[in-house]
Amino acid sequence: MSARTVLHDSDITRALRRIAHEVLESRRGDGRLVFLGIPTRGTVLAERIQRVVDEIEPGTSSVGSLDITLYRDDLARTPTRAPAPTRIPDEGIDDAIVVLVDDVLYSGRTVRAALDALADHGRPRAVRLAVLVDRGHRELPIRADFVGKNLPSSTSERVSVRLADVDGVEEVTIEP
Amino acid sequence: MKHLLSTRDLDRATAVGILDIAEDMARTADREVRKLPTLRGRTVVNLFFEDSTRTRLSFESAAKRLSADVITFSAKGSSVSKGESLKDTAQTLQAMGADAIVVRHHGSGAAHMLAHAGWIDAHVLNAGDGTHEHPTQALLDAFTMRQRRYGADSRGRDLEGMRVVIVGDVVHSRVARSNVWLLSTLGADVHLVAPRTLLPSGVETWPVTVHEHLEPALALDPDVVMMLRIQQERMHAAFFPSAREYAREWGLTAERFAALGPDTMVMHPGPMNRGLEISSAAADSSASTVLAQVTNGVFIRMAVLYLLVAGSSEESA
């Protein structure tokens, strides 16, 4: 069996808009929002979510990226990879509500690394997690606050997120 | 990459990749917490058979920023002064669990020997071997040039179109050799200036233009003028008549410095012999990158340690 598309481009756009609304709704009060995407595709998603948030409430949020390569717990087991740039907005993250954004939530280890990396940049008021796809199989006590789509999968299946800005096409597929 | 022994075997993509990782490392310097957990549990040994302050401290601080354990070994006051060989010293360090060995040695080829003699499995970083190579110095010089030229827009760029004039004691200089290979790989137009006695034999086969006098080279409006240190400790013969004559003919005097273009960088690998190869007017000016070179040295060494030590021992992607 070949790859099955579970989200088309319009589904992805809709999911991101919904996440943007949910983030605003959950903010309660006047906390400054900082969206930090985990490279590569998390960064693109964070930018898109923040753009929607900025349309609704201009000037209350900013966006950046947080590379986690240097914080991975499997560095010694895999070939060396080049880190991607980290961009923290000039205002910093102290006392902000940071929303980490990634494409797929799986074992939770990436998020663990991101939390460690974040702590080295400052002390946010709260940290939330937004993902486009949650495919289950957590290995750590981590859950997402905002989910585009829950996608029950088996560990042998392969979930791929492709985004127009990075891959030229826009879809989420699952293949055995 | 298993070892970093020379800049000669680096291709352009690899070299730019190292500079880009150093860019990421530089970013961590202005964070609240500067330390990264990347090399936690790894041991880096600094094995210094030759005196050095900045290179040793730079490697030490780079390894510590990456959370590695650091053991520093200097030959003075050690078993080496009792006659222990490089091989025995290296094997002792290996037995202590060294993951990487940063070596500085007065013998050209010592790092290569350590890496390839089959004595040890650790990664070897050449921190200067005799008059052969000093690759991290060349990388930090290239990084500094790129940063001055392109600023925040440096990532991914090479040195295509930059003209670099390297002046002085080329024959004894591992810094010059490493820079010649690396800068020309990165696309820079490299010129060497030195009295004939301080040029190595075979220099005509290098990818450089050689000048015997400083003025014609400075007239080319270079982007970078790099002054090499006159290595008095390696001067066992009369290479030039007197220090004053050297300063007058090949030194970056205040007058020569004043005639340089407004954007020309003045570089020096340190330690400087003020009044000999470089005047204080040049060394202390805003054109001087001497202190930036020291700062950038830590980032380059972090990048190299990361590339060599962090990944699994299988050939990296």
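What's counted below: heavy atoms across the whole structure, side chains too, no hydrogens, waters or symmetry copies. Residue numbering restarts at 1 for every chain, and letters A, B, ... go by the order of the sequence lines.
A distance of 7.5 Å separates CZ of B/R31 from OG1 of A/T86, quoted to the nearest 0.5 Å. Rounding to the nearest 0.5 Å gives a distance of 11.0 Å between CG of B/L36 and CG of A/D116.
Between chain A and the residues B/L39, B/T28, B/I18, B/T38, the most heavy-atom pairs under 4.5 angstrom are made by B/T38.
Summarising the local packing, CZ of B/R149 is surrounded by more than 12 heavy atoms from other residues, nucleotides or ligands at distances under 6.0 Å. In this structure, A/E25 places its CD atom where only 12 or fewer heavy-atom neighbours from other residues, nucleotides or ligands lie under 6.0 Å away. In B/R40, the CZ atom is not crowded: 12 or fewer heavy atoms of neighbouring residues, nucleotides or ligands sit closer than 6.0 Å. Counting non-hydrogen atoms of other residues, nucleotides and ligands closer than 6.0 Å to CG of B/D30 gives a total above 12.
At distances below 3.5 Å, not a single donor-acceptor pair connects side-chain atoms of A/T80 with backbone N or O atoms of B/A310.
For chain B, no part of A/R72 is nearby; none of its heavy atoms comes within less than 4.5 Å. Neither the backbone nor the side chain of A/D67 comes within contact range of chain B; no heavy atoms are under 4.5 Å apart. Contacts between B/R34 and chain A at a heavy-atom distance below 4.5 Å are absent for every atom of the residue.
Side-chain contact between A/D94 and B/E32: present, with at least one pair of heavy atoms (C-beta onward) separated by less than 4.5 Å.
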Intermediate values then yes/no, side chain to side chain contact (heavy atoms under 4.5 Å, CB included), B/M25 and A/L70: CA-CA 10 Å; B/M25 297 300 178; A/L70 301 169; 3.9 Å; yes
